[in-house]
Amino acid sequence: MYRPINSIEKIYYLILAVIGVPVNLLAIVILSRGKCGLSNCTTRYLVAMATADLLVIFTIVIMRRIRYYYFPVSFLDITPVCSVHNVLTWAATDCSVWFTVTFTFDRFVAICCQKLKTKYCTEKTAAVVLATTCILLCSKNVPLYFKYEPGEIIDNVPWDCDIKPSYFTDPGWVGFDRFNPVLTPLIPFALILLLNALTVRHILVASRVRQGLRGQSKGENRSDPEMESRRKSMILLFTISGNFILLWFAYVLYYFNITHHFDSDSAYIFALVQWMLMNLSCCTNTFIYVATQSKFREQFKSAVKYPVTSIIQLMNKQNN
């Protein structure tokens, strides 16, 4: 029963790594050049999100899933290394999720809070927010290093990461275990839904007011640069946050134990699928930028064509 889904998962994660690493690297390079028509503030958040997504692909997709299927025994199974890897995995996942929240809040302020916008939506504030978020989340995951103990010791070398029995009984560990999924992704899930709802409400109200002031309600058709700018910002915001909600929704259902209605085989498959969707979220933002941002799309095409044109030019020089 499990072999077909495991075979699919094996191929799926390999494809995810092959696509996810270059597209995120490309997104980081293109966005960092600052030629996509985005504000420096927005660019900081998007670069941070792409970097966190890239780390998730390395720590989970490559070093855990692909390594499990293609290199079942490696130095990563040594207990201290395994423990550090698990800490990095959770830290990268937390950052990937919470950077999406910080970006959503930044866009909420930019669209809905004009007085606060000039002070908050700056490159310096974005750097402070992202750095603080990263430090706090990494610090939160440090205790996970002490969650594990060796499964066996071979030639005085501890191997494997078995969870300590005290993790399931000690009040501190029990509380930590319950707090983890609440922090990521339940609170971000709720915050993103709330901020998007407030943003939509503000845009609808502002649109009606501006239409009335500009006489559009009487049939006049005049361009409105302010509303056009908000529309583009809104599209980018809603596609990124909507993508997060869609791909993490299965995990939220899994957290609320929806699988207790399933038989064991269906529950196992659902668990694998929800992890596959979560990891997919780390490869989709670049394609969202391509679909929604014309200048990013132009830069992306140029970057993709550059190696081909360079090779052609080199061949022409050699022939001449």
Side-chain angles (χ1 to χ4, degrees), residues 1-20 52-53 55-74 76-77 82-83 85-98 100 137 140-141 144 147-148 151 160-165 167-169 173-190 192-193 242-284:
M1 174 63 188
Y2 298 149
R3 284 186 177 180
I5 187 66
N6 286 336
S7 298
I8 293 172
E9 187 187 29
K10 181 178 180 180
I11 299 172
Y12 171 83
Y13 281 115
L14 185 60
I15 295 173
L16 206 61
V18 170
I19 295 175
D53 289 345
L55 290 175
V56 171
I57 292 172
F58 274 119
T59 56
I60 297 181
V61 176
I62 296 176
M63 297 176 67
R64 175 169 291 177
R65 304 312 304 167
I66 291 179
R67 197 271 307 178
Y68 169 77
Y69 281 115
Y70 295 93
F71 308 98
V73 179
S74 72
L76 292 174
D77 293 314
C82 176
S83 300
H85 174 237
N86 286 328
V87 172
L88 294 176
T89 295
W90 279 104
T93 302
D94 285 347
C95 287
S96 176
V97 171
W98 276 94
T100 304
L137 292 174
K140 186 272 293 184
N141 287 294
L144 287 173
K147 170 183 175 180
Y148 304 99
D160 298 329
C161 279
D162 288 358
I163 299 176
K164 296 178 179 178
Y167 182 81
F168 303 100
T169 57
W173 280 122
V174 171
F176 185 89
D177 185 63
R178 292 178 179 176
F179 173 71
N180 247 343
V182 173
L183 183 69
T184 303
L186 297 186
I187 293 177
F189 208 84
I192 288 174
L193 287 174
N243 172 72
F244 167 79
I245 291 171
L246 178 65
L247 296 180
W248 278 81
F249 185 66
Y251 177 87
V252 174
L253 294 178
Y254 185 77
Y255 171 79
F256 286 109
N257 201 24
I258 190 176
T259 55
H260 79 276
H261 298 293
F262 302 166
D263 57 58
S264 59
D265 290 340
S266 299
Y268 176 78
I269 293 173
F270 186 87
L272 291 183
V273 169
Q274 58 94 13
W275 276 106
M276 291 165 71
L277 290 174
M278 284 168 51
N279 293 321
L280 177 62
S281 67
C282 295
C283 299
T284 53

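The analysis underlying the following values was restricted to heavy atoms, covering all of them including side chains, and did not include hydrogens, waters or symmetry mates. Count residues from 1 along the sequence.
- Here the closest non-hydrogen pair linking L55 and A92 is CB-CB, 4.0 Å.
- Take R64 and apply the salt bridge (charged side-chain N to carboxylate O under 4.0 Å, His left out) test, not counting sequence neighbours, and it matches no residue.
- Within 6.0 Å of the OH atom in Y167, the count of heavy atoms belonging to other residues, nucleotides or ligands exceeds 12.
- The side-chain heavy atoms of V61 and N279, taken from C-beta on, include a pair separated by under 4.5 Å.
- Looking at residues two or more places apart in sequence or on another chain, you find a side chain to side chain contact (heavy atoms under 4.5 Å, CB included) between L253 and F249, I258, F270.
- Annotation: the span from L144 atom CG to N180 atom CG amounts to 6.0 Å, rounded to 0.5 Å.
- Nearest heavy atom pair, residue V56 against residue C282, reads CG1-SG, 3.3 Å.
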Output, in order, the C-alpha distance, side-chain angles, deciding distance and verdict of side-chain contact (heavy atoms from CB on, under 4.5 Å) for H85 and T59.
-> CA-CA 7 Å; H85 174 237; T59 56; 4.2 Å; yes
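- Here T89 contributes atom OG1 and N141 contributes atom CG; the two are 9.5 Å apart, rounded to the nearest 0.5 Å.
- Taking the side chain to side chain contact (heavy atoms under 4.5 Å, CB included) definition, one finds that V174 meets it with R178, sequence neighbours left out.
- Judged as a side chain to side chain contact (heavy atoms under 4.5 Å, CB included), and not counting sequence neighbours, the contacts of M278 are W248, Y251, Q274, W275.
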(message) Walk me through whether L183 and L137 qualify under side-chain contact (heavy atoms from CB on, under 4.5 Å).
(response) CA-CA 10 Å; L183 183 69; L137 292 174; 4.1 Å; yes
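- Annotation: side chain of I60 is not in contact with side chain of Y13 (no heavy-atom distance under 4.5 Å).
- We find that D177 and K147 are not joined by a salt bridge, their nearest charged nitrogen and carboxylate oxygen being 4.0 Å or further apart.
- At distances below 3.5 Å, at least one donor-acceptor pair connects side-chain atoms of Y12 with backbone N or O atoms of M276.
- Residues passing the salt bridge (charged side-chain N to carboxylate O under 4.0 Å, His left out) test with D94, sequence neighbours excluded: K140.
- Between atom CD1 of residue I11 and atom CG of residue L16 there is a gap of 13.5 Å, rounded to the nearest 0.5 Å.
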Carefully, step by step, assess F168 and I163 under the rule side-chain contact (heavy atoms from CB on, under 4.5 Å).
-> CA-CA 9 Å; F168 303 100; I163 299 176; 3.7 Å; yes
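- A heavy-atom distance below 4.5 Å is not found between the side chains of T100 and P188.
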Could you walk me through whether N86 and C161 pass side-chain contact (heavy atoms from CB on, under 4.5 Å), step by step? CA-CA 9 Å; N86 286 328; C161 279; 4.2 Å; yes
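- Among all heavy-atom pairs drawn from C95 and A52, the shortest one is C-CB, 4.1 Å.
- At most 12 non-hydrogen atoms from other residues, nucleotides or ligands lie less than 6.0 angstrom from CZ of F71.
- Taking the side chain as every heavy atom from C-beta outward, W98 and I187 approach each other to under 4.5 Å.
- Judged by a 6.0 Å distance limit and a 45° cone about the ring axis, R65 is positioned over the six-membered ring of Y68.
- The side-chain heavy atoms of L186 and F256, taken from C-beta on, include a pair separated by under 4.5 Å.
- Listed here is the closest heavy atom pair of G20 and C283: CA-SG, 3.5 Å.
- Qualifying side chain to side chain contact (heavy atoms under 4.5 Å, CB included) partners for T284, counting only residues two or more places apart in sequence or in other chains: N243, L247, L280.
- Atom CZ of F58 is separated from atom CD1 of I66 by 10.5 Å, given to the nearest 0.5 angstrom.
- The shortest side-chain heavy-atom distance between S281 and F244 does not fall under the 4.5 Å cut-off.
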